[in-house]
2 protein chains.
Amino acid sequence: MPAPQRVTTASLAATARAIAERDGIDAVTISAVAAAAGVRAPSLYKHVGHRHDLLRLIADDAARELGDDVTALVGSSADPAVVLPGIARAVRAFSARSPRAAGLLFSAPSPEAGPTPEGMAPLIASLLEAVGRATPGDPLPAARTMTAWVYGFCTMEQAGAFQLGGDVDEAFEFGLTTLVDALTGSGGARR
Amino acid sequence: MPAPQRVTTASLAATARAIAERDGIDAVTISAVAAAAGVRAPSLYKHVGHRHDLLRLIADDAARELGDDVTALVGSSADPAVVLPGIARAVRAFSARSPRAAGLLFSAPSPEAGPTPEGMAPLIASLLEAVGRATPGDPLPAARTMTAWVYGFCTMEQAGAFQLGGDVDEAFEFGLTTLVDALTGSGGARR
DNA sequence: ACCTGAACACCGTTCAAGT
DNA sequence: ACCTGAACACCGTTCAAGT
């Protein structure tokens, strides 16, 4: 009589992500996830090929969650001056509530630990859609500029790289206004 | 008779950084660095408190090197429209030739693995100096916007995150022009 | 003063054996 | 079909002992 399955890939993702957020990426070990799932370490190799696959499960879970947020925003308004800031703030909010998963999303410690292209596709599609509405020309360089800034800002903020004091919220809004004004060509007066 | 010192902290930094660039951050283990330095693992604890200190040595070495580049640029011209693009391109060049060290500089896997405030000070001072010349107001938010974008772009480029084709060099120059124009208020015509 | 071997707890991974 | 114990190679870290 076959043994009943005690763990699913989806439950593994949730378990691994919880450990990552509580104790850090380094704590996402085969042993720790197995123990949290109520199973012995070797059993995990029925679901993942190696430890970095656990991180990839977390990354893809994060990509799906953030992709849902962004897609909803893009569907909620047609005005780029509303949608672009909304997306940037959604990314930052996600990064604040799931910093470890967000880190894996954009800068995984290895290619195998990063999200799959399929997992990222909905997020990227919504992003390009939003930027395409804002700029008349090729949306790709504009989207890359926006993405690089948001990603860089959130990563540095979570890594504690902003150590010179000052108001980090203000710096975020300043950068956001600067970029959105420039990309939409609104030339709105700098506050 | 005391044993002669066979390893210095400076030589440790160089050894660790070489391993990081060749085999990745995960390969920077106490054992591997000790072996490369021609010494047994326990000896390293005369120089570092724990493994993450090895990463910190790499990060501070990178901060010093990039700081030298940027400081030289800031001293070479007074025109922000020359210096700011120069800095951005210098960061990108550094990230291209030392991607692992550059990663530690801005988003270390733990606070202990990141650069020390003292190590970052010259780089940050030169950066603020350059941005301060360009904008009339508080240079801090402007510097953070610039830094976040450059860092984000270089990290994503090195991580292979720009997978949608297109010209990555062009995207870099587009973002650079957009930001420098906005920050210097030059309002130069978009090409 | 610096280096070493030995030891400990841990981890990733494989595999034959259980049910 | 899924899970397990046992085993292997490895790693970080400590410490008493060497020179």
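In what follows, every chain begins at residue 1, and chains take the letters A, B, ... in the order their sequences are listed.
D/dA7 is paired with C/dT13 under the Watson-Crick or G-U wobble criterion, all donor-acceptor distances under 3.5 Å. With a 3.5 Å ceiling on both atom-pair distances, the Watson-Crick or G-U wobble partner of D/dG18 is C/dC2.
Comparing D/dT13, D/dC2, C/dC3 by their nearest atom to the side chain of B/Ile30 picks out D/dT13. Residue B/Ser31 places its side chain closer to D/dC11 than to any other of D/dC11, D/dG5, C/dG12. The side chain of B/Gln5 lies closest to C/dC2, out of C/dT14, D/dT13, C/dC2. If you check D/dC15, C/dT13, D/dC11 against the side chain of B/Thr29, the one that comes closest is D/dC11. Nearest nucleotide to the side chain of B/Arg40, out of D/dC3, C/dT13, C/dG5: C/dG5. The nucleotide whose nearest atom lies closest to any side-chain atom of B/His47 is, among C/dT13, C/dC3, D/dC2, C/dC3. Among C/dG5, D/dC3, C/dC3, the nucleotide with an atom closest to any side-chain atom of A/Ser43 is D/dC3. With C/dC3, D/dG12, C/dC15 as the choices, the nucleotide that has an atom nearest any side-chain atom of A/Pro42 turns out to be C/dC15.
Of the residues B/Ile87, B/Val150, B/Asp169, the one that meets the side chain to side chain contact (heavy atoms under 4.5 Å, CB included) test with B/Arg92 is B/Asp169.
What separates CZ of A/Arg6 from C1' of D/dT4 is a distance of 9 Å, to the nearest Å. The separation between B/Arg51 atom CZ and D/dT14 atom C1' is 18 Å, rounded to whole Å. In this structure, A/Tyr45 atom OH and D/dA7 atom P are separated by 19 Å, rounded to whole Å. When the P atom of D/dC11 is taken as reference, atom CD1 of B/Ile25 falls 16 Å away, rounded to whole Å. The distance from atom CG of A/Leu44 to atom C1' of C/dT14 is 14 Å, rounded to the nearest whole Å. Separating the CG atom of B/Leu54 from the C1' atom of D/dC11 is a distance of 13 Å, rounded to the nearest angstrom. One can place CG of B/Asp26 at 12 Å from P of C/dG12, the figure rounded to the nearest angstrom. Atom-to-atom, NZ of B/Lys46 to C1' of D/dC15 comes out at 11 Å; the value is rounded to the nearest Å.
A/Thr71 and A/Ser126 are linked by a side-chain donor-acceptor pair at a separation below 3.5 angstrom, with hydrogens and angles left out of the test. Between the side chains of A/Ser110 and A/His52, at least one donor N or O lies within less than 3.5 Å of an accepting N or O. Between the side chains of B/Arg6 and B/Ser43, no donor-acceptor pair of N or O atoms lies under 3.5 Å.
The number of heavy atoms from other shown groups lying within 6.0 Å of CZ (B/Arg40) does not exceed 12.
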